[in-house]
Amino acid sequence: MTTALFWFRKDLRLKDNLAWTKACESHRIHPVFILEPELISNSGPYRRQQFFSNVSALAAEIKSIGGELSIIQGPARDVLARYIRENNIDCIYFNADTTPFSRQRDEQLAKDISVPINTFWSGLVHPPETVLTQKGEISKVFTPFYKKWVTLPAPPSVEDSQPIFVDAQQNTWNETQDLIPSTSNQGYKAAINRLEKFLKVVDDYHESRNFPSKEGTSFLSSDLHFGTIGPREILHRLSSNREGHRQFIRQLAWRDWYSHLLFANQDIPTKAANPSYDNISWRDNPEEFENWTKGQTGYPIIDAGMRQLSATGWMHNRVRMITASFLVKHLLVDWRKGERYFRKMLIDGDVAQNCGNWQWVAGTGFDAAPYFRVFNPMLQSKKFDPTGIYIQRWVPELESLSNAEIHAPWEHDQATLQKYNLMLGETYPFPIVNHADARERAIATYKEARG
DNA sequence: CGAGAATTAAC
DNA sequence: TTAATTCTC
């Protein structure tokens, strides 16, 4: 029997993992994780911790079935060739990814390494280049993509494997083990717990998903990012004839779409998908950007979201759209700066998803929001946090304001504010910009870029 | 007058 | 994955 190196990347699980199953079918397995500096350097503390917890949980799971995960540190191109030589590896298995970093690295690797490399797709419902229009291209509009996507049969979850591990693996880079926390409750088991919890409320998903004070969303975004659970396993627990389920399945399609688009357009992270918006005269005021990151814009819903992000590494999706729109449109900060900040801070920060969604909000992307659509922070706030619970949770300065008052504190007279010990400009900022003016300015700026 | 529905709009 | 405005009662 030959020996396969199984390289875990963004698929930190043993279930519903196609490359893993294929490798286990006919090889002795040498499981490896490579801690690459590039992966760490763009991560903020929350994602890094989740990352380590997931790797640690995977190592424990492998140990429990008689194997040992080798954790190697360094760029893959530097360490893999040597590792393959030293450990008598016959072939490599891993799951492919769509990001420019991953694809460039994997292409280079194929040139550098002499043993056969077997790759599979296991992190999306459908692999890139498999959901196509009649012309054989990926649709640049979501709805036709989705219509095609739902008609394709969902690939079955793969069977569990009975791996045979190589004996007496030695970890030649022991110091790396110390970087990985030894205790953790993440990994596949935690992902399954989150899925089971979500399945209890998914029938209401279409109604509750938009309210940041409710736990109406799946909380599976970081699991999907790290691959502690596969999207097909999630899909197979859902039913296409229930509205809440259907709406969540639709979100999985958005996820596939943004990954497929990135696969086909590798410059999405840096360039506007719609070139007419690549010449916007951004203001890029650094102080305003900093006020935004710190949750000090004077708009309660914006500040609540940004504070939730910096305090927890996560933000509710509805609020992600509102805060992102505010940065790009109201403050006219280049969407790439916001994207970078979100990706660094978010526990689920993901190149394909984050760039796709930021370009959508900025109006620069495929099938994006129209350029003149400027989210109104007060309307969004009143609509999706009507009682102000979410705002109060994250902006305690405002906790005594009433439901009606909390969305726009500057609109109330001095006496009302004094009653709550609220001194605008001291205990809570005045609005950083005036909504109506900023809206006009954004539309004019975009119009100018359109020519 | 005011809330909510309907419409329009620069897509 | 909308906002602003007008219409209606």
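Just so it is clear, the model here is predicted, and its values are computed rather than measured. The sequence lines fix the lettering, A, B, ..., with proteins before strands; numbering per chain opens at 1.
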With a 3.5 angstrom cut-off on both distances, give the Watson-Crick or G-U wobble partner of B/dA6, or none if there isn't one. C/dT5

Between A/Asn354 and A/Glu339, a side-chain donor and acceptor under 3.5 Å: yes

Grab the NZ-P distance between A/Lys383 and C/dA4 for me, whole Å please. 12 Å

Is A/His435 touching bases, backbone alone, or none of the nucleic acid, heavy atoms closer than 4.0 Å? sugar-phosphate

Give the rounded distance in Å between these two atoms: NE2 of A/His330 and P of C/dT2. 16 Å

Reference residue A/Asp97; test salt bridge (Lys or Arg N to Asp or Glu O under 4.0 Å); the match among A/Arg103, A/Lys10, A/Arg105: A/Lys10

Short side-chain N/O contact to C/dA4 OP1/OP2 from A/Asn376, under 4.0 Å: yes

Could you check whether A/Trp394 and A/Asp303, counting side-chain N and O atoms only, form a donor-acceptor pair closer than 3.5 Å? no

Starting at atom CD of A/Gln380, determine the distance to atom P of C/dA4, rounded to an integer number of angstrom. 10 Å

Atom-to-atom span, CG of A/Asp437 to P of C/dA4 - whole angstrom: 13 Å

What contact category does A/Val361 fall into here, base, sugar-phosphate, or nothing, at under 4.0 angstrom with non-hydrogen atoms? nothing

Output a table of nitrogen or oxygen pairs between the protein and nucleotides 7-11 of chain B separated by less than 3.5 Å.
{"residue": "B/dA10", "atom": "N6", "partner": "A/Arg439", "partner atom": "NH2", "Å": "2.6"}
{"residue": "B/dC11", "atom": "OP1", "partner": "A/Arg450", "partner atom": "NH2", "Å": "3.0"}

If the plane angle is over 60° it's perpendicular, under 30° parallel, otherwise tilted; pick one for A/Tyr446 and A/Tyr371. parallel

State whether A/Phe211 and A/Lys214 meet the cation-pi test: NZ (Lys) or CZ (Arg) under 6.0 Å from the six-membered ring centroid, and within 45° of the perpendicular axis. yes

Using the P atom as the point on both nucleotides, what is the distance between B/dA10 and B/dA6, in whole Å? 22 Å

Using a 4.0 Å heavy-atom cut-off across all strands, classify A/Arg320 as base, sugar-phosphate, or nothing. nothing

Strictly below 4.0 Å, N to O, side chains only: are A/Lys200 and A/Glu196 in salt-bridge contact? no

